[in-house]
Structures are given as C-alpha cells and as structure tokens.
Amino acid sequence: MSFRAGFHAPIRHCHPMTTDRYNSREAEPRWRTVWDEQGIFATKNEDPRPKYYVLEMFPYPSGRIHMGHVRNYTMGDVVARYKRAMGFNVLHPMGWDAFGMPAENAAMAQKVHPKTWTYDNIAAMKKQLQSMGLSLDWAREFATCDPTYYKHQQKMFLDFLRAGLVERKQSKVNWDPVDQTVLANEQVIDGRGWRSGALVEQRDLTQWFFRISDYAQDLLDEIDRLERWPDKVRTMQRNWIGRSEGLLIRFALDPKTAPNAETELEIFTTRHDTLFGAKFMALSADHPLATAAARKNPALAAFIAECKKVGTAQEAIEKAEKLGFDTGIRAIHPFDPDWKLPVYVANFILMDYGTGAIFGCPAHDQRDLDFVNKYGLGNVPVVCPPGQDPKTFVITDVAFDGDGRMINSRFLDGMTIEEAKEEVAKRLEIEKRGNRPVGQRQVNFRLRDWGISRQRYWGCPIPVIHCEACGVVPVPDKDLPVTLPDDIDFDKSGNPLDRHPTWKNVPCPQCGKPARRETDTMDTFVDSSWYFARFTDPWRTDTPTDRAMVDAWLPVDQYIGGIEHAILHLLYSRFFTRAMMKTGHVGMKEPFAGLFTQGMVVHETYRKPNGEWVMPADVKIETVGDQRRAALAATGEPVEIGSIEKMSKSKKNTVDPDDIIESFGADTARWFMLSDSPPDRDVIWTEEGVQGAWRFVQRLWRLVGETADIGKAAPSAKPASFEPEALAVRKAAHKALARVSEDIEKLRFNRCVAHIYECANAMSAAIGAVDAPEKVTPDLAFAMKEAANILVQLFAPMMPHLAEECWAALGHKSLVSLQAWPKVEPDLLVEDTVTLPVQVNGKKRADITVARGAGNADIEAAVLTLDAVKKALDGKAPKKVIVVPHRIVNVVA
RNA sequence: GCGGACGUGGCGGAAUGGUAGACGCAAGGGACUUAAAAUCCCUUGGGAGCAAUCCCGUGUGGGUUCGAGUCCCACCGUCCGCACCA
C-alpha cells in the first residue's frame with residue numbers, strides 16, 4: 001500500500017474559476033511560521049478574559065508520535081481553537097511524562113544513558129508534534145525528569161509526609177530469583193520473568209505508600225458531582241473504590257485445633273445474612289494464622305509456598321484454579337457452639353481486603369460453591385428466590401445471589417435479606433467476648449493505599465535518608481532536589497542507585513553520622529498526578545505552584561485522553577490534588593471538571609505465509625470487484641489480510657504520522673482522525689479514508705477559490721431580500737454553523753465533519769446552478785461570500801493551515817486563527833412549513849406538509865383526508881390520532 | 001475471575017422513544033480526455049412489481065409502548081481495565 005499519493009505532480013485544473021492545487025507541504029510550514037512569529041498561542045496568566053483550560057494527556061517520550069497521539073492532540077486542538085474564537089483566554093500546554101521503564105530498557109539494550117535517550121526522544125517528538133500545527137503554548141513545556149520539576153515533587157512528598165499522608169509498610173513485589181530483581185507486572189509472562197524465564201515469586205518489601213484510602217469516601221462522594229465525566233468512567237471509579245457495608249465477626253477457634261493457642265479468627269463479610277449457610281472458613285496464604293499453622297505442617301507450608309508463585313497481578317491470582325488446603329483448625333459458629341467449621345487456606349483470598357479471611361457460604365457465592373464442589377463440603381441454601389418452594393430448592397453448580405426470603409436459618413427464617421442482616425448484626429453486636437463485641441458493623445473499601453516505591457533508577461528519588469540512630473529523616477528543603485547521579489551502569493540487574501558506590505552514602509541531616517539515602521524512586525503516576533497544576537505557572541522556582549495562578553486556572557475545563565487511564569491516573573490525580581490542598585498547594589480538590597476519553601486508532605494486520613507480520617507501508621492492496629487482495633509492494637508476494645487491531649509495534653500494523661504529514665499534510669491527517677468514527681470509539685485507519693480526507697482538502701480549496709470569484713460581485717451592504725437560490729445557501733451555512741458549534745461543545749467531531757460536508761455540498765450545488773456569469777445576482781454573490789467565510793471558519797479549528805490559506809484567498813488580511821466565531825442568524829434556522837410523516841399503527845404511510853403554526857386539530861383533520869390513510873382505515877373510524885408537534889402523526893386504527 | 005463498554009447496509013457511521021441508513025468511503029454506470037489521473041453527474045439495505053406501491057430489515061429471543069436501533073429482562077459475540085506498562 002502506498003502512502004505517496006500526495007507526491008503526484010501538481011496538475012493545473014481546467015475549470016476557469018479555480019487556481020492551482022493546494023500545496024500543503026508549502027503552505028503548512030509557512031502558516032506555522034506566521035503563528036510563531038506573532039506568538040498568537042502564547043497564553044498570558046494576567047489576561048482578563050474568562051479562562052478555559054484544555055489539556056490532553058501528555059505523552060511518554062517513546063521516540064516517535066503515533067496515530068493515537070495525532071487523534072488525541074487534534075481533538076484538544078479543535079477545542080482550544082474553538083474556545084479561543086469564542087473569546088476565552090485559553091491555556092493549552094504540552095509537556096512530557098518522561099520517567100519510566102522504557103528508558104532503562106533502552107539503556108540495557110543499546111548502552112545509551114536514560115537521560116540522553118529521553119531528551120533525544122523529546123526533541124524528536126516535539127518536532128513531530130509541531131508539524132501538526134497544534135495551537136500549543138510551548139513556552140510552558142517541561143519534562144517530569146527535569147530536576148526543576150521533580151524538585152517540587154520531592155518537596156510535596158515531604159509535605160505529605162509531615163501531614164500524615166505518607167507511610168511505610170510491607171507489601172508484595174514480583175521477585176525474579178535468577179535476575180535478583182523486582183519485576184513489573186508487565187514483565188511477568190505466564191508467571192515467569194521476561195528475561196530469565198524463571199518462575200516469579202512474591203516477596204515482601206518495606207515500601208512507601210500514599211494514604212489514598214483515607215480519602216476513599218470523599219473520592220467516592222465527589223464522583224456524583226463530576227457531571228462532565230463519562231458515566232462509564234464514573235462507574236468504573238465507583239467500582240474500583242468498592243465501598244461495602246458489612247460486619248466484622250470474631251469466630252472463636254476450637255482450642256484443641258489452634259496451632260499457637262489462638263482464640264479467634266476475625267473475618268469481614270457483607271453477607272452475614274447467610275451465616276447459617278456457612279460451610280467453611282478460608283484464609284489468605286499470608287494470614288498470620290496460616291503462617292502459624294504452617295510451622296507445624298510441612299504440607300501446608302508447601303501449599304502456601306505454591307500460592308506465592310502466582311506473582312502479584314490480581315488478574316493472575318483470580319484466574320488461577322481455586323485451590324485450598326485444610327489447616328486442621330476448626331472455627332465455632334457464632335450462633336451454635338456445637339457447630340464446627342473447617343478452616344482452609346485458599347489461593348483466592350486476598351490479604352489486602354477485609355481481614356484476609358472469610359466464611360464461605362457456597363449456596364450464594366459462586367467462588368465458594370466452586371470451592372466446596374471441589375472439596376466435597378456440600379451446601380445449604382439459606383435464601384429462597386420468590387416463587388420457589390423452599391422444600392425443593394437446591395443449589396448444585398450455580399450459586400443464587402439474588403433477592404429472596406431466608407430459609408434453613410433458624411430465627412432468621414422468613415426474613416428478607418436486609419432484615420436478616422440487621423438481625424444478625426444486632427445480636428452479634430450485643431454479644432461480648434473478652435469485653436469486645438463478637439460482631440461489629442464496618443464500612444470497607446476495596447481501594448488500597450497507593451504504593452509508590454519503585455526499585456528503579458529512572459524515576460524521581462524519594463527524598464529521605466535512613467539513619468541508624470534517627471530512623472527515617474527527610475532531606476532538608478535546602479538540599480532539594482535530590483538529583484539522580486549520572487554515572488550509573490546497567491550491566492547488572494537490579495536498581496543502579498542501590499549499587500552506586502557513593503551516591504547513597506550521606507551524613508544524617510540530624511545527627512551527622514553516616515547514613516544512607518533511600519534508593520527507591522517514585523511511581524511515574526506521581527509525576528503525572530500534578531503536571532496539570534504545574535502548567536499554570538511552570539516558571540516558578542521556589543514553590544510547586546503559585547496559589548493565585550493555580551486557583552485561577554484549575555480545574556482543567558476539558559481533559560482528553562485514553563480510556564485506559566479511566567481508573568488509575570485519574571483517581572491518583574484526584575487524590576494528589578486533595579493532598580496538595582491539605583498541604584496548601586492548591587485551593588480545590590477536583591482537578592478535572594470535564595473529561596473525555598477517546599478511542600484507539602486501529603488498523604488491519606498483514607502477515608506473510610510464514611506468519612511474519614508486515615507493515616502497512618510495505619503492502620499494496622488491490623480491489624477486484626468486492627475482493628480485496630494484499631501483496632508485498634516490493635516483490636508481489638501475497639500477504640494475508642488479518643483482523644483489525646490496536647496499532648502496535650509487535651504486530652507491525654502502525655502508520656507513521658510523519659509519512660502521512662509529509663505526503664498529505666497535517667490537515668489531512670487531522671481531518672481524517674476526526675471524520676466518521678465517534679471520538680470515544682475506535683477509529684480504523686484506512687488508506688481510502690486518508691485519500692478521502694485529502695480529496696476533501698483539495699475540494700475545499702477549489703470551492704473557496706470559485707466562491708471568491710463569485711463573491712467579488714457582492715455588495716458591501718446586506719441585500720434587503722434574497723431569491724430562493726441565495727436563501728438556500730444562507731440557510732445551509734447558518735444551519736451548519738449552528739450544528740458545528742453545538743457539536744464541538746459536545747466533542748462530537750464526526751458530526752461536525754458531516755455538517756461541514758453538507759455546507760460544502762450546498763455551496764457546490766449553488767455554483768453548479770450558475771451556468772453564466774450574468775446569473776450571479778448581487779444577493780447570490782453576497783450569500784456565497786458569507787457562506788464561504790462561515791465555511792472556512794467552521795473548519796479552521798480542524799484544518800487550521802488550509803483555513804488560513806483560504807481566509808487569505810477570500811481577501812482577508814487578518815488571521816482566521818484570531819477571528820471571533822461567527823454569529824448564527826436564528827431566523828434562517830426556522831422553516832415556514834413542516835413536513836410530518838404520517839403513520840398508521842406505527843407504520844409510515846404518507847407525508848403531510850403543514851404550516852409551521854398549524855394546530856393539532858387541523859393536522860388531524862388533514863391527515864384523515866389522505867388517500868393512504870383512508871385506504872389503511874378501510875372506512876372505519878380511527879381509535880386515536882396522536883400528533884407530536886413538528887415530529888410525527890400516528891393514526892391508531 | 002471481577003469490573004466496564006460495544007454490536008445498525010459491502011465498510012466507517014447518523015438517528016431529544018417519533019420517516020432507520022444523514023455524511024463519508026467503496027462499488028457500478030455516464031460525462032470530460034488521444035489516453036490515464038483529477039473533476040463532475042447518476043445509482044447503490046434485501047425482496048416482489050412495468051409502475052404506483054407493498055413486504056422484510058438495527059447481534060438473538062422475550063417484554064413495555066399508539067410507536068423501540070433507542071427503555072426493561074435473558075442470551076450470544078467482540079473489545080478494554082485489574083493497582084510495578086504508560
């Protein structure tokens with residue numbers, strides 16, 4: 001497949017009213033130079049106009065931009081340019097999410113320093129982004145790996161530490177026993193380390209945590225007020241936070257079976273109503289009771305060791321076959337001292353949630369049911385669905401988790417689930433064992449604290465010093481930033497900071513004795529949790545933010561990025577903003593007032609018969625009838641066309657934005673990324689689609705040229721009246737204007753594109769109707785000139801270079817980028833008559849055209865005289881006639 | 001496993017519960033041209049009919065409604081996230 005169509009030599013068009021083809025390669029850089037020289041996209045903080053902050057998620061500097069970036073940044077740019085035209089002082093900045101693993105991988109693979117690699121990539125990607133013609137304020141650019149940025153991050157870490165928002169605790173990491181290093185989940189493939197292939201183990205480390213769970217309730221509550229966020233993201237965040245109201249229950253242990261004379265086992269449950277359906281207890285492999293029992297039981301110890309070989313990824317843990325091991329411990333049912341329950345260690349119980357222990361009621365929980373069916377523990381249903389006979393209701397393979405009435409539950413029988421929960425809670429709250437109630441109501445969250453420690457070099461150093469005498473000592477403000485040492489080596493695995501000969505050895509700031517630096521760096525999600533605040537005053541050196549500036553600009557009015565960030569990045573940023581508020585760095589808690597999540601860019605895949613992936617640029621597609629066939633462009637070797645998938649390096653189905661911009665121009669790429677597909681859905685990159693966009697660029701250029709000729713005959717004053725042809729053009733232009741404005745506000749860019757096509761089609765039709773120059777009446781000339789001005793302004797946010805060129809061709813001396821958005825004439829949107837579809841019993845049988853203000857009774861009478869309606873009624877009187885004004889008429893026979 | 005979405009012509013899609021298929025792409029036919037490219041015009045969900053017109057049709061099966069692509073229930077299929085990828 002060739003992307004070189006743009007290289008066709010410019011061809012002189014024969015139409016007398018047109019000029020040369022539009023040459024994007026010449027025009028685009030020329031207009032960018034004009035914008036730069038006039039500095040029209042630099043934003044002044046002291047500008048008095050109302051503010052609008054539009055932000056796209058900043059990129060990781062991988063080296064080249066991809067089509068996903070083109071789509072994301074084009075959408076943001078359309079909003080920025082539109083809001084500027086609407087009179088706002090727009091902040092539209094760009095920076096780099098520059099810390100992360102790929103730089104270290106490059107260092108290992110290519111012997112290039114992460115810093116060099118990163119800054120080289122930034123330079124290359126910046127050039128690419130600039131070729132897109134984005135209206136960015138580059139003066140505010142920074143990278144998160146700049147010490148001038150992470151200095152403030154370290155300061156805030158220490159502020160958070162002093163404010164009690166940070167703590168150290170044990171948590172698990174993926175440990176590669178061969179490479180002796182910590183692995184990211186991404187680096188664990190089927191339970192094995194990606195380089196060594198060794199089976200990964202869970203290992204405990206003491207790590208730093210942000211106490212995001214302190215804010216769980218507030219983060220949940222405030223979701224209700226994020227009205228300009230997609231519902232799906234709000235739902236996902238609610239589920240992620242996972243608030244549940246339940247009961248803590250202390251089960252007594254049978255003393256004869258407790259390994260170290262433990263007396264009880266505390267569990268958390270949300271289904272205390274099902275207590276009489278309990279069949280077993282289950283402990284996490286990390287539960288202290290499990291550890292204690294394993295000391296005397298080698299088989300159990302082996303089972304626990306096996307459980308820890310799954311790695312730390314939630315998905316892997318929950319997908320693994322559900323296994324359990326009977327510890328021999330027996331728990332006593334809280335309502336029946338003679339009822340003993342076996343205590344298992346099970347691989348699907350998480351130590352992080354609740355108390356790391358549960359009671360299992362198999363009839364009403366699928367996981368528990370699978371578990372008892374495997375170990376032959378049986379089940380007793382205790383909730384009976386309505387309409388079921390309790391005597392015959394049995395559970396075999398499918399647990400029942402719906403509503404119903406209690407059965408087989410002694411004093412709970414006949415109650416609803418809610419009543420039973422209440423009764424159980426009441427009784428167990430009153431009952432005391434050792435001065436504490438046996439049951440205690442508790443609200444639990446699934447959300448865990450945010451572990452930010454990373455055993456890696458290329459991240460923001462955690463600014464503390466460990467002293468044997470003084471413990472953890474914050475690095476004094478005057479010593480910030482703690483910068484990364486440049487002299488590091490990646491020859492060995494593990495963290496280069498940890499094995500650096502000198503960097504970590506420092507005197508304790510408190511007692512002066514030899515101490516050592518923290519060698520963990522911060523999760524890169526920390527870097528991206530406040531960059532939006534830094535953009536408001538990135539020049540400030542003494543504090544992370546200027547309160548006057550940050551409070552004036554935040555929240556971000558429109559944030560745009562990938563759906564893959566729906567939970568973590570957005571939730572962490574919401575937490576971080578709260579933490580910054582608590583420590584005085586911002587004056588509000590919600591950073592993003594409006595959020596939009598765009599879909600991915602996907603593409604067909606191509607494979608040689610030997611299974612090797614082939615790049616689209618190397619493939620030539622032929623269409624024979626309905627059949628599409630692919631072959632290698634160079635050799636003609638046939639290639640199989642595969643499924644459409646997310647563009648990825650591994651499947652080689654990527655298209656390089658540079659190639660597209662070079663061949664067709666940035667405007668074509670931008671236009672195509674906005675066309676057709678709804679912005680929140682995936683868009684399929686196709687050669688035909690680019691060609692179509694490119695043809696439309698040329699068509700607009702011709703259309704504006706032709707219209708400019710016609711418009712020369714236009715009177716300077718608006719004519720008093722317009723003939724039907726001219727009126728039709730005016731109506732089309734103003735209708736497009738109204739609709740494009742509305743759809744940009746809602747980020748429905750695909751519909752904007754359709755409206756612009758419709759406007760252009762109407763103008764083309766009007767030009768087509770002019771077969772002689774004398775047919776151009778003054779009113780038509782005026783209408784065409786007006787329509788051309790509107791049309792150019794409508795596509796200016798999407799194709800800004802072409803728009804400038806067209807604006808100049810229309811005779812304007814100013815820049816279209818600086819024009820105010822045109823005003824709709826509302827009269828032109830209203831039609832005098834309305835055509836209503838007429839249905840009989842919901843099926844369309846006719847149309848009827850009535851005056852705009854016609855009354856329902858008149859419409860009803862007119863409808864009943866229609867032949868089609870009479871025929872359908874067959875002489876009978878209608879039962880009912882429904883008239884929906886301006887919409888439809890339905891005759892019910 | 002848990003959570004979230006999506007499903008409409010040959011394709012991308014449009015449609016405040018109110019004419020299903022706007023707009024674009026592709027395809028077919030025609031005009032222009034020595035020819036090609038480019039451009040312009042016409043046709044294009046399926047079926048019946050000379051035609052007017054009629055029947056069917058929004059993943060599948062039910063339901064609510066005067067009226068369902070849209071709302072409700074169940075199912076099937078596809079995609080995304082799951083805390084150390086960014």
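Side-chain atoms are counted along with the backbone in the values below, which use heavy atoms only and exclude waters and symmetry mates. Quick note on labels: first sequence line is chain A, next is B, and so on, each numbered from 1.
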Please pick, from B/A14, B/C40, B/C84, the nucleotide with the shortest atom-to-atom distance to any side-chain atom of A/V182.
B/C84
Which residues satisfy the side-chain contact (heavy atoms from CB on, under 4.5 Å) test with A/T181, sequence neighbours excluded?
A/D176, A/D179, A/L183, A/S493
Under 3.5 Å, is there any donor-acceptor pair linking the side chain of A/R887 to the base of B/U19?
no
Within the structure shown, what part of the strands sits under 4.0 Å from A/V838 by heavy-atom distance: base, sugar-phosphate, or nothing?
nothing
Please check the phosphate of B/A86 (OP1 and OP2 only) for any side-chain N or O of A/T524 closer than 4.0 Å.
yes
C1' atom, B/A86 versus B/A20: distance in rounded Å?
41 Å
Test of understanding: with ring-ring contact (aromatic ring centres under 6.0 Å, His included), list the residues that count as partners of A/Y757, not counting sequence neighbours.
A/F696
Classify the nucleic acid contact of A/G100 as base, sugar-phosphate or nothing, counting any heavy atom under 4.0 Å across all strands shown.
sugar-phosphate
For B/A14, take OP1 and OP2 only and decide whether either is under 4.0 Å from a side-chain N or O of A/N750.
yes
Protein-to-nucleotide contact annotation, 5' to 3' order, nucleotides 66-78 of chain B [B base; S sugar-phosphate only; - none; under 4.0 Å, heavy atom]:
BS-----------
For a quick test of reading the model: is some side-chain N or O of A/R695 closer than 4.0 Å to OP1 or OP2 of B/C25?
yes
Using a 4.0 Å heavy-atom cut-off, does A/P678 contact any base of the nucleic acid, only the sugar-phosphate backbone, or nothing at all?
sugar-phosphate
Taking ring-ring contact (aromatic ring centres under 6.0 Å, His included) as the definition, give me every residue that meets it alongside A/F795, ordered by chain and number, with sequence neighbours left out.
none
Pick the C1' atom in B/U70 and in B/A14, then give their distance to the nearest Å.
13 Å
Any idea which of B/C84, B/A86, B/G24 is nearest the A/R456 side chain?
B/C84
side-chain contact (heavy atoms from CB on, under 4.5 Å) filter on A/T312, not counting sequence neighbours, yields A/K172, A/N174, A/N185, A/Q202
Reckon A/G768 touches a base, only the sugar-phosphate, or nothing at all at heavy-atom distances under 4.0 Å?
nothing
Residue of the set A/T524, A/T118, A/T521 for which side chain to side chain donor-acceptor pair (under 3.5 Å) holds with A/W458:
A/T118
Which part of the nucleic acid, if any, lies within contact of A/A320, taking any heavy atom under 4.0 Å across all strands shown: a base, the sugar-phosphate backbone alone, or nothing?
nothing
Give A/F525 one of three labels, base, sugar-phosphate or nothing, depending on what nucleic acid heavy atoms sit under 4.0 Å from its own.
base
Taking the side chain of A/I888 as heavy atoms from C-beta outward, which of B/C84, B/A14, B/G18 is closest to it?
B/G18
Pairing pattern in dot-bracket form [Watson-Crick, G-U; both distances under 3.5 Å; | = partner strand] for RNA chain B:
(((((((..(((.....[....))).(((((.......))))).((((....))))..(((((..]....))))))))))))....
Using side-chain contact (heavy atoms from CB on, under 4.5 Å) as the criterion, list what pairs up with A/V770, not counting sequence neighbours.
A/K775, A/V776, A/L780
Set of side-chain contact (heavy atoms from CB on, under 4.5 Å) partners for A/T833, sequence neighbours left out:
A/T849
Within the sub-3.5 Å range, which N or O atoms of nucleotides 1-5 of chain B have a protein N or O partner, and how far apart are they?
unit_1 : atom_1 : unit_2 : atom_2 : d
B/G1   : N2     : A/E318 : OE1    : 3.2
B/G1   : N3     : A/E318 : OE1    : 3.1
B/G3   : O3'    : A/N239 : ND2    : 2.7
B/G3   : O2'    : A/N239 : ND2    : 3.1
B/G4   : OP1    : A/N239 : ND2    : 3.4

Not counting sequence neighbours, which residues clear ring-ring contact (aromatic ring centres under 6.0 Å, His included) with A/Y73? List them please.
A/H69
What is the per-nucleotide protein-contact pattern of nucleotides 41-61 of chain B, from the 5' end, where B denotes a base atom under 4.0 Å from a protein heavy atom, S denotes such proximity for sugar-phosphate atoms only, and - denotes neither?
-------------SSS-----
Donor-acceptor pair (no angle test) under 3.5 Å: A/R681 side chain, B/C6 base:
no
Pairwise P distance, B/G18 and B/A68 [rounded to whole Å]:
11 Å
Of the candidate nucleotides B/G24, B/A83, B/G81, which contains the atom at the shortest distance from the side chain of A/D676?
B/G24
What side-chain donor-acceptor pairs closer than 3.5 Å can you find for residues 56-64 of chain A, not counting sequence neighbours?
unit_1 : atom_1 : unit_2 : atom_2 : d
A/E56  : OE1    : A/H92  : NE2    : 3.1
A/E56  : OE2    : A/H92  : NE2    : 2.6
A/Y60  : OH     : A/A103 : N      : 3.4
A/S62  : OG     : A/R64  : O      : 3.4
A/R64  : NH2    : A/D656 : OD2    : 3.0
A/R64  : NH2    : A/D658 : OD2    : 2.8

B/C84 OP1/OP2 closer than 4.0 Å to side-chain N/O of A/R454
yes
Work out how far the C1' atom of B/G21 is from that of B/G29, and round it to whole angstrom.
23 Å
